[in-house]
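All remarks here apply to the structure that follows.
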Amino acid sequence: MNKFFLITTPIIETWDFNKNTLMLGDWCNTFEKKDNLNRLKQNKILDYHWKNTEKVFQDYIYLNNFAEKILENLVKKLNIIHETNFSKEYWKIIVGNWLFSFTHIIYDRWETIQKAFNEFEIDSTKIIEIKKNDVIPQSMENFTELAHQDKWNHYIFSEILKRNFKNSIKFEQITTLDNDNYVRFNKDRTPLLKNLLFGAYKLSRNIYCKLFRDDRYFISDSYIGKCNEILLNLRLRNFPISISPRSYLFIEPNHDLRKELLIQMETKNKFEFFFLDILKDHIPCSFLENYKVIRNSIKKSHWPKNPKVIFTSHAINTKTVSSFYIAKKKEDGAILIHGQHGGGYGQCKFHWYEKFEKEISDYYLSWGWSDDKKTIPFGMLKSIETLKRIKKNKKIRNKFLIVIRPKERYFSTALDSKIRGPQILDYHLNCIKMARGLKKDIKDKNLIIRLHERTYGWCEKEMWMNNLPNIDIDQGSKSIYKNISRSKLVVYTYNSTGYLELMAANLPVLLYWSNTNNPVNSETESFFEELKNAKIFHENQDSLIEHVNKEWNDIDSWWFSEKVQSIRKKFCEKYAKFIEHKVDNLKNLIKECELKK
């Protein structure tokens, strides 16, 4: 049996060009590394352990149960360390996103290593000497920046290897890297003008709080747009909370303090033992060393001291300061109304963020669907006014826009039922193959590929240009509305907010992905079958190519046909319901919730 040298990440210094090699995943197999890939003696790439969607679902259930048990113990430890007596719900609002994401992520890395050793005979690898402090996040914001970087992932893989296979393989230590692009912490890079505006905002709010009363409502990151958010506040006679600051606090970890966080609980397997052992070394400083500093900064923020109702859609998951504030005010009795943030909600077979947001809120505002008493089918929170103006504009539109999803090379968030991590490479290649099948005139004269400004190292532009050198590439740094206004047809290649907006605005759009690989719940499945019958939804490239090539010269006749419009309206009523008088409806809803308190 052949023996293999293990390559864990794309960091070239950790590769060996003289041995047979096994790469842990397609995150190593990026377009920019193609020359180095050709230099490898004999290389194999490990199949992803989460290709099987049923395994993902079963692991999701197991990991959530495991993380809930950890949370119960973590609550006790954090209350002792900080001399507090807060509830599990308080701590879940603050640490939940990190804890569950970290649990899912570490299990992914663990299972990847186990699969490699179960299927191949591995005899050696290289490990970089990395300081423990360099991989400890400062906050949830910082954690999201670290978890998709090669060096952070190399450290995690190395820890798993050293603790499980130190006696069976040879480790070669590397002390320095030629091109170390690892970013431990991003300092505040807020533009000067924005800082000046924030300073003016704080001053005006300070004056307001001294001259007038304390506000009854906290409304921030609502997803209804800044203008509507300000208007909603004014309708409620509330001072607008127009800025939700990120946490840029930095402190060196206190390892003596972290020893107090060692959790002792029964473990069922080696993964659980390993996870509990490393937990104290990876929990963000915002929950330990900087906890009191952040709480004190909130007291100086001049946010409402005793709000009756809190309304947000995005001020908790990756916003340290506002999550601390909301947790404390909900603990004090405030009602939390949480709005749906984006696509996939109410549709995915499982979706951790949807589950979490509903658990911590008193009322949940969906964009049309409802599956329990807590969920209110309010309608689309995000404004589609710009798209409606585009629709009314009668200028000639002749472009064909394909929107490509941004996604990290490594799985680095909480689980849902969409594809993830290394599966994104096949996704990109599939989209390229689909575009190549279009008529030559469409490809050469009409096609625009919309990428995202966050590339995560996939080198998407280079991949597309290598296959279709004449296409127009939009790298995502500017508003998508410009190219939508030029396009008579848009294709969304992933289950997202964007296609819901286009459907609601009644602009021609096609959906292209596989629900086999991105499972939806049974009710949503029936809706997608109707979309498929109307030729809006396509699960294979041949179907989409045939439809585009056939209808290209008269897209409107197909889109505005009675059948397509009937199915579109039915779908939108469930998942992208447009509502008139959104601000007034929200005002009334907030008032009603306040009275129920």
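The chain is numbered in sequence order, starting from 1.
Atom OH in Tyr410 sits 10.0 Å away from atom CD in Gln149 (nearest 0.5 Å). Interatomic distance, Ser313 OG to His338 NE2, rounded to the nearest 0.5 Å: 6.5 Å. A distance of 9.0 Å separates OG1 in Thr30 from CE in Met463, rounded to the nearest 0.5 Å. Of the inter-residue distances, the one linking Gln114 atom CD with His49 atom NE2 reads 10.5 Å to the nearest 0.5 angstrom. Considering CG of Leu438 and CD of Gln541, their distance stands at 10.0 Å, rounded to 0.5 Å.
Under a cutoff of 6.0 Å and an axis angle of 45°, Lys570 and Phe527 form a cation-pi pair.
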side-chain contact (heavy atoms from CB on, under 4.5 Å) between Ser417 and Tyr60, worked out: CA-CA 9 Å; Ser417 59; Tyr60 171 79; over 6 Å; no
Set out, in order, the CA-CA distance, both residues' side-chain angles and the distance that settles side chain to side chain donor-acceptor pair (under 3.5 Å) for Trp369 and Gln340, then state yes or no. CA-CA 10 Å; Trp369 54 274; Gln340 175 181 333; 2.9 Å; yes
Give the C-alpha distance, both sets of side-chain angles, the deciding distance and a yes or no for side chain to side chain donor-acceptor pair (under 3.5 Å) between Asn540 and Ser543. CA-CA 6 Å; Asn540 66 77; Ser543 169; 4.8 Å; no
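No hydrogens or angles considered: a donor-acceptor pair under 3.5 Å links the side chains of Trp513 and Asn515. Looking at Trp50 and Asp59, their side chains do bring a donor and an acceptor atom within 3.5 Å of each other. Of the N and O atoms on the side chains of Arg109 and Thr112, not one donor lies less than 3.5 Å from an acceptor on the other residue. Side-chain contact, Thr413 with Tyr353: a donor N or O sits under 3.5 Å from an acceptor N or O. A donor-acceptor contact closer than 3.5 angstrom is absent between the side chains of Asp221 and Thr312. His154 and Thr8 share a donor-acceptor pair across their side chains, judged by distance under 3.5 Å alone. Ser139 and Glu141 share a donor-acceptor pair across their side chains, judged by distance under 3.5 Å alone. Side-chain atoms of Asn153 and His148 include no donor-acceptor pair closer than 3.5 Å. There is no side-chain donor-acceptor pair under 3.5 Å between Tyr345 and Asp416. Side-chain contact annotation: Arg450 with Asn483, donor-acceptor N/O pair under 3.5 Å absent.
Evaluation of the side chain to side chain contact (heavy atoms under 4.5 Å, CB included) rule for Asp441 yields Lys445 as partners, not counting sequence neighbours. Residues satisfying the side chain to side chain contact (heavy atoms under 4.5 Å, CB included) test with Lys439, not counting sequence neighbours, are Ile442, Asn549.
Using a 4.0 Å cut-off between a side-chain N of Lys or Arg and a carboxylate O of Asp or Glu, Asp47 and Lys115 do not qualify as a salt bridge. By the 4.0 Å N-to-carboxylate-O rule, Glu551 lies too far from Lys535 to be salt-bridged with it.
For Tyr499 and Tyr494, the gap between ring centers reaches or exceeds 6.0 Å. Taking the six-membered ring for Trp, Phe356 and Phe100 have ring centres at least 6.0 Å apart.
The number of heavy atoms from other shown groups lying within 6.0 Å of NZ (Lys349) is above 12. Atom NZ of Lys44 has 12 or fewer heavy atoms from other residues, nucleotides or ligands within 6.0 Å. Shown here is Glu13, whose CD atom has more than 12 heavy atoms of other residues, nucleotides or ligands within 6.0 Å. Within 6.0 Å of NZ in Lys55 there are more than 12 heavy atoms belonging to other residues, nucleotides or ligands. Heavy-atom contacts from other residues, nucleotides or ligands closer than 6.0 Å to CG of Asn179 number 12 or fewer.
The aromatic rings of Trp152 and His282 sit perpendicular to each other, their planes meeting at more than 60°, with 30° as the lower class boundary.
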